[in-house]
Amino acid sequence: AQTVTQSQPEMSVQEAETVTLSCTYDTSESDYYLFWYKQPPSRQMILVIRQEAYKQQNATENRFSVNFQKAAKSFSLKISDSQLGDAAMYFCAYRSLYSGGGADGLTFGKGTHLIIQP
Amino acid sequence: NAGVMQNPRHLVRRRGQEARLRCSPMKGHSHVYWYRQLPEEGLKFMVYLQKENIIDESGMPKERFSAEFPKEGPSILRIQQVVRGDSAAYFCASSQNGQGFTDTQYFGPGTRLTVL
């Protein structure tokens, strides 16, 4: 079974600065998907960015980018020019290409609480 | 284009009662997933359904929990004889397909279940 580890329970950053949230995962599969979701105080889960494992190019969405290191099984999220609205819980998630036995669902880490200091 | 809809947003039940949580997927999506989030935890996969079919229920507790996604209407997660340990946020997600890059799951706002 796959596992996802987020080793930073909480991170704090000054507004307008850059912050990196770490995520590592364990899998024996060679191809899979990785995601970052944001959960603000409203508790709605919002997709931030996604990455296919076979793509070597790191995904980017505006101020959000990832550093995907497949050999190291690392998938960190970088937020540039942090804004107050970025304050939320951030969850890293893994999805297998296979089906059944729980593989259809996302496997989530425990999350990192991001605080933005004004 | 409406997103994933869940209702109720908050549900309070006494021990032993039944809880019914509803989820309407995004327009054009035929795959539904249910997750449970305990306090201070990430989401845990429970069940994956397509219309009229349960595809993967490996994350569902063996007793008291059931799910369905009928041909017409929303998906329902049903918890019978609730206990305090069932108190959690329950999220529904939907996707367009079951495989491929378009399989990104989009989440509803969740239902917070409180068992007294």
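In this text, all values refer to a predicted model and were calculated from it rather than measured experimentally. The figures that follow rest on heavy atoms only: side chains count, while hydrogens, waters and symmetry mates do not.
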Subject >> same_hphob_cluster(A:F35, B:F107) at 4.5 Å side-chain heavy-atom cutoff >> reply: yes
Subject >> Same apolar cluster: B:L77 and B:V115, side chain cutoff 4.5 Å >> reply: yes
Original post:
If you look at every heavy atom in B:Q37 and A:F91, which pair is closest and at what distance?
Top reply: NE2-CZ, 3.5 Å
Original post:
What heavy-atom pair brings B:L43 and A:F108 nearest, and what distance separates the two atoms?
Top reply: O-CD1, 3.4 Å
Original post:
Based on non-hydrogen pairs under 4.5 Å, which of A:Q6, A:Q39, A:M89 is most in contact with chain B?
Top reply: A:Q39
Original post:
Taking everything shown except B:N53 itself, do over 12 heavy atoms lie less than 6.0 Å from its CG?
Top reply: yes
Original post:
Just wondering, are more than 12 heavy atoms of other shown residues or ligands nearer than 6.0 Å to CE in B:M60?
Top reply: yes
Nearest-0.5 Å distance that lies between atom [atom1] in [X] and atom [atom2] in [Y]:
| X | Y | atom1 | atom2 | result |
| --- | --- | --- | --- | --- |
| A:Y37 | B:Q105 | OH | CD | 5.5 Å |
| A:Q44 | B:Q6 | CD | CD | 8.5 Å |
| B:Y106 | A:L47 | OH | CG | 6.0 Å |
| B:F91 | A:L106 | CZ | CG | 13.0 Å |

Original post:
Can you list the residues that meet the salt bridge (charged side-chain N to carboxylate O under 4.0 Å, His left out) rule with A:R63, with sequence neighbours excluded?
Top reply: A:D86
**OP:** Give every residue pair that meets the disulfide (SG to SG under 2.5 Å) criterion with at least one member in residues 4-45 of chain B, sequence neighbours excluded.
**Re:** B:C23-B:C92
**OP:** With a 4.5 Å cut-off on heavy-atom pairs, point out which of B:K44, B:R112, B:M46 contacts chain A the most.
**Re:** B:R112
